[in-house]
Amino acid sequence: MPEGHSVHRIARQFARSFVGPPVQVSSPQGRFAQGAARLDGHAIVESRAVGKQMFLEFDHHLWLRVHLGMYGAWDFAGDIVVDALSPAERGGRVTGDRVVGANEDSPWSIGAPRRTRLRMAESEKLQPELQEWPPAPVGAVRVRLLTPVAVADLRGPTACEVQTAEEVDATIAKLGPDPLVDGPAGEDVFVENVRKRNVAIGQLLMDQEVVAGIGNVYRAELLFRARLDPYRPGKDVPVELLRELWRDWSYLLGVGVETGQMLTMDGLTGEDLDRAKASRDDRHWVYHRTGEPCRVCGTPIAMAEMAGRNLYWCPKDQT
DNA sequence: CATCGATGTTGAG
DNA sequence: TCAACCTCGATGG
């Protein structure tokens, strides 16, 4: 799944393109038909992301809560604004933060939505232009949000439900701090959440009640950047190291939200940066690099299962 | 074209 | 602790 950065980007996409006009809400697949009926025709007034969860508030004080889980994705189409993508993903069509040229040969009438299509999941990419408006749903679309100029299709989510404001509050209350929600104040909460647990720090970083938004990639990379042994119990990690971990997570999350990619290796410039953006395998210190030489000391990167997820680390540098 | 694995969570046992 | 959820890119034939 998308880790925290992509969910914040998706929330931003909704804020830009869906807040305002009344929204037709439907469930082409049928599994969300009842929920869709409760939202249909209302306007979206706010879009929020907390950790890996996204919340859309409608004008009658009901919310749509979405968690993408492992395979969930949003497909946006129509007159939407697209953030800068990497060279591999942009296909030469993005200038600044607008897609240009998409309608230059368009037979569409003036005022029709642009035909841009953008898929937002764990990665983002522009897709072939639309041929019709509104586009026919493809596959199992759990929920479709349609305005006069933009459409968003959700497929494969772990969670998709209507919540009251109280239920939204309760959901968020169970989550640990998110740097983009709680700001620097989240640091003390994070430190306390970790220090009171006799559980491996590698496991605590993945626990959404301890800190929200970190997934398997950021977990491995944060631990390497801190040169921290994933198996050290939370209560034994020095407070100052935990503060550095929180600040590094805040930093990496910001980079992820701005670039749309999990760029966890600092100091890359020029061709090295382009290579990291183009290839997932050249992008990380330890994630998915089992047996490869550590980029710092050359020791083969280790991999083991921790609480059902693959953990990657350098057994020499991380102590 | 078939198979595998994945950036995640939930609920059953 | 494990299967289920349900999608798709990567990989191998």
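Chain identifiers are assigned alphabetically (A, B, ...) following the order of the sequence lines, protein sequences preceding nucleic acid strands; residue numbering begins at 1 within each chain.
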Exercise. Output every pair passing salt bridge (Lys or Arg N to Asp or Glu O under 4.0 Å) with a member in residues 157-170 of chain A, not counting sequence neighbours, ordered by first then second residue.
Key: A:Arg65-A:Glu161
Quiz item: A:Tyr287 OH to B:dG5 P: how many Å, rounded?
Solution: 13 Å
Self-check item: Whole angstrom value for the distance that separates C1' of B:dG8 from CG of A:Leu205
Solution: 16 Å
Quiz item: Could you give the CZ-to-P distance, from A:Arg219 to B:dT9, as a whole number of Å?
Solution: 12 Å
Self-check item: For A:Pro22, all residues meeting side chain to side chain contact (heavy atoms under 4.5 Å, CB included), sequence neighbours excluded
Solution: none
Exercise. Considering just the side-chain nitrogens and oxygens of A:Arg119, establish if one lies under 4.0 Å of OP1 or OP2 belonging to C:dT7.
Key: no
Quiz item: So which pairs with a foot in residues 227-238 of chain A pass salt bridge (Lys or Arg N to Asp or Glu O under 4.0 Å), sequence neighbours left out?
Solution: none
Self-check item: Derivation of the side-chain contact (heavy atoms from CB on, under 4.5 Å) call for A:Thr264 and A:Arg283
Solution: CA-CA 7 Å; A:Thr264 57; A:Arg283 193 175 290 181; 5.6 Å; no
Quiz item: Got a sec, which pairs hit salt bridge (Lys or Arg N to Asp or Glu O under 4.0 Å) with one end in residues 176-189 of chain A, sequence neighbours left out?
Solution: A:Glu187-A:Arg243, A:Glu187-A:Arg247, A:Asp188-A:Arg243
Quiz item: Are A:Arg309 and B:dA6 close enough that a side-chain N or O sits under 4.0 Å from OP1 or OP2?
Solution: no
Quiz item: Who are the side chain to side chain contact (heavy atoms under 4.5 Å, CB included) partners of A:Pro137, not counting sequence neighbours?
Solution: A:Pro28, A:Val141, A:Arg144
Quiz prompt | Nearest-nucleotide pick for A:Ala140, side chain only, options being B:dT7, B:dT9, C:dT7 | solution = C:dT7
Exercise. Mind checking side chain to side chain contact (heavy atoms under 4.5 Å, CB included) for A:Gln29 and listing every partner two or more places apart, or none if nothing turns up?
Key: A:Arg31, A:Ala140, A:Arg142
Practice problem: Tell me whether the OP1 or OP2 atom of B:dG8 has a side-chain N or O from A:Asn216 closer than 4.0 Å. | Solution: no
Quiz item: What stems, by residue range, does DNA chain B take part in, given at least 3 consecutive Watson-Crick or G-U pairs under 3.5 Å?
Solution: B:1-6 with C:7-12, B:8-12 with C:1-5
Quiz item: Expressed in angstrom and rounded to an integer, what is the separation of A:Gln53 atom CD from B:dT9 atom C1'?
Solution: 10 Å
Produce the list of close N/O pairs, under 3.5 Å, pairing protein atoms with atoms of nucleotides 1-5 of chain C; give distances to one decimal.
residue	atom	partner	partner atom	Å
C:dC5	N4	A:Tyr71	OH	3.1

Self-check item: 5' priority, DNA chain B, between A:Met303 and A:Gln208 [closest heavy atom]
Solution: A:Met303
Self-check item: Under the side chain to side chain contact (heavy atoms under 4.5 Å, CB included) test, residues paired with A:Glu57 that sit two or more places apart
Solution: A:Val45, A:Glu46, A:His61, A:Trp63
